[in-house]
Structures are given as structure tokens and as C-alpha cells.
Amino acid sequence: MASSNVHVRICEQEILKYDLEIKALIQDITECPGPQSKLTELNADVKKSFHSLRLRIQDLEQMAMEQDRESDKLALTVQVEGHRKQMLSNQTAWRKANLASKLSIDNMEKKELLNGGNDAVRQRRLTKEGLAQTTSDITENLMSISRMMAQQVQQSEETMTSLATSSRTIQETNDEFKTMTGTIQLGRKLITKYNRRELTDKLLIFLALALFLATVLYILKKRLFPFL
């Protein structure tokens, strides 16, 4: 049990570390002045951190399912759900930061074009290929975020189902305890009643034996001493 608690604490620390890394990267994306390649590099780092975070959350969920005590299982499951909600919040912030950064870079490049920027920037902005690539990148990021959010929603539903099952198990156990308590009380009443009945039977046997002995003595008296 001690080893399990250590693993849980290590897993939670790593989840916190990845969460902070993602928040820092999102801030970097928000403040990214360009170029587009730098933004792409930051997004790649965010994807790696999200992947690592998702794996550690899954590890924590597995540890929760392996807990012996139901209370520990429920507590860890609630923590898992909280981490998943935080990850969804980070994904939303990531999407907004990407859109804002892309818009900022686009505006900056437009200004460079209007102010007589270098030929490479002007050519990239004027060609259909450059526009198509930018649109494709945004679409890919949005689709990736959408898939991750759908996966997290599904995992949250599974967690809620597990919580409902655990709650039913606790309720059934409580009902069994109540039934056992009633059975024990009934047994106690029967034992008390049996003890009373046993005492009554002993008293009746004693009285019958006394009556029998008195009858025998009376008969012997009449036979042996008729003159008395």
C-alpha cells in the first residue's frame, strides 16, 4: 500500500509538471511574434506535452481502479476527472492562442508588405500556395483539438459510469450489512426465547418428578403402614 501511494504521488507530480509546461508553451504561442516556423515548433512541443500528460492521467486512472479501499478509489477517480477537465481547458486555451498568434503574424506580414517588406515575405503572402498552407495548418490544428476533446469526453463518460458502479456497490454492501444486522437481532431473540423455554421445561420436569415421588411414597405408605 505504501509503494502504491508513492507511485500515486509521483504520477500526480508529473501531471502537474506537464500541465505547467503546457501553460508556459501556450503563453509563448500567445506572445509569438513569428515567423510561422517558430509557431509550428511551439505547437509541436505542445502536442508532445499533451501526449505525455494524457498518458500520465491514464496511469493515475489505472492506479485508482487498483485501489483496495472503495473510498481511495473514488477519491483518485475524482482527481482523474479534475485533471481531464483541466486538460480540456488547456486545449481550448491552446486553440485560442493559435488563432490569435496566426492573426497577429498575418497582420504583421501584411504591414511588411505595405511598407515594402522583403521580396520573400511578399511572394509568400501573394501566392495561393502560401495561403493554402496557412489554411491547411489551421484546419489541421482545429481537427486535432476536436479529436482530443471527443476522446476526453468519452473517457469522462467512462469515468462517470465507473463512479456510478462503485456507488451501487457501496449501496448494495450497506443493504447487506442491514440484512445481516436484522438476522443477528432475530437470532438473539430466538436464543433468548429458547433459554426461557429451557428453564420452563426444567421446572415442569422437576414438578412432575416431585409429584411422581410423592405418589410413590403415598402408595408405599398405604401398603406398608395401613394403620397410619
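Keep in mind that what you see is a predicted model, and the values were worked out from it rather than measured.
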Less than 4.5 Å apart, side chain to side chain, heavy atoms only: is that true for [X] and [Y]?
X: Val6; Y: Ile10; value: yes
X: Lys47; Y: His51; value: no
X: Val46; Y: Leu42; value: no

From [X] [atom1] over to [Y] [atom2], what is the distance, rounded to the nearest 0.5 angstrom?
X: Gln91; Y: Lys96; atom1: CD; atom2: NZ; value: 13.0 Å
X: Leu53; Y: Glu21; atom1: CG; atom2: CD; value: 9.5 Å
X: Met87; Y: Ile22; atom1: CE; atom2: CD1; value: 8.0 Å
X: His83; Y: Ile57; atom1: NE2; atom2: CD1; value: 7.0 Å
X: Arg84; Y: Ile15; atom1: CZ; atom2: CD1; value: 9.5 Å
X: Leu88; Y: Thr92; atom1: CG; atom2: OG1; value: 6.5 Å

*May I have the step-by-step check of side-chain contact (heavy atoms from CB on, under 4.5 Å) for Trp94 and Asn43, ending in yes or no?*
CA-CA 9 Å; Trp94 178 33; Asn43 278 318; 2.7 Å; yes

*Minimum heavy-atom separation for Lys102 to Gln36, with atom names?*
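So the two residues come closest at NZ-NE2, 3.1 Å.
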
*Closest approach of Glu12 and Leu76, non-hydrogen atoms and distance?*
OE2-CD2, 4.2 Å

*Is Lys17 atom NZ crowded by more than 12 heavy atoms from other residues, nucleotides or ligands, each under 6.0 Å away?*
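Atom NZ in Lys17 is packed in, count exceeds 12.
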
*Exceeds 12 heavy-atom contacts within 6.0 angstrom, atom NZ of Lys38*: no

*Under 3.5 Å, is there a donor-acceptor pair between the side chain of Ser89 and the main chain of Lys85?*
no

_N/O donor-acceptor pair under 3.5 Å between Thr77 side chain and Lys73 backbone_ = yes

Hey, can you pull the donor-acceptor pairs under 3.5 Å for the side chains in residues 26-35, sequence neighbours left out?
| unit_1 | atom_1 | unit_2 | atom_2 | d |
| --- | --- | --- | --- | --- |
| Gln27 | NE2 | Glu31 | OE2 | 2.5 |
| Thr30 | OG1 | Ile26 | O | 2.9 |

_With ring pair (Phe, Tyr, Trp, His ring centres under 6.0 Å) as the rule and sequence neighbours excluded, what pairs involving residues 9-45 come up?_
none

